[in-house]
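Please read the structure below before turning to the comments.
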Amino acid sequence: MPKLKTHRGAAKRFKKTATGKIKRGQSKMRHILTSKEVKTKRRLSAPAYVSDADHAKVARMIPYA
């Protein structure tokens with residue numbers, strides 16, 4: 001079996017947790033932050049996880065994470 005290549009874009013965006021879930025960042029946190037509520041920014045800074053529907057697709061892109 002040949003080695004699998006890691007999708008470098010996905011490797012920079014996703015991390016695998018100890019339980020096997022895949023952690024991801026939230027969108028809308030890069031710029032124009034002055035017009036967003038503090039509550040919204042705090043909620044967006046919290047970790048989010050890849051949904052079950054997309055889990056297999058993302059896991060295939062980061063085989064050795």
Nearest 0.5 Å, please: how far is CG in Leu44 from NZ in Lys28?
8.5 Å
I need the Asp54 CG to Met61 CE distance, nearest 0.5 Å.
8.5 Å
Can you find a heavy atom in the side chain of Lys36 that is under 4.5 Å from one in the side chain of Leu33?
yes
Looking only at heavy atoms, what is the nearest atom pair of Pro47 and Lys23, with distance?
CB-CD, 3.7 Å
Nearest 0.5 Å, what's the NZ-CD1 distance between Lys12 and Ile62?
14.0 Å
From His7 NE2 over to Arg13 CZ, what is the distance, rounded to the nearest 0.5 angstrom?
8.0 Å
Show the nearest heavy-atom pair for residues His55 and Gly20, with the distance to one decimal.
NE2-O, 3.3 Å
Shortest non-hydrogen separation from Ala48 to Gln26 and the atoms involved
CB-NE2, 3.8 Å
Scanning both residues in full, the closest heavy-atom pair of Ala11 with Lys15 reads O-NZ, 3.3 Å
May I ask you to check whether over 12 heavy atoms, not counting those of Lys41, lie within 6.0 Å of atom NZ?
yes
Over all heavy atoms of both residues, which pair between Arg24 and Tyr49 is shortest? Give the atoms and the distance, please.
NE-O, 3.3 Å
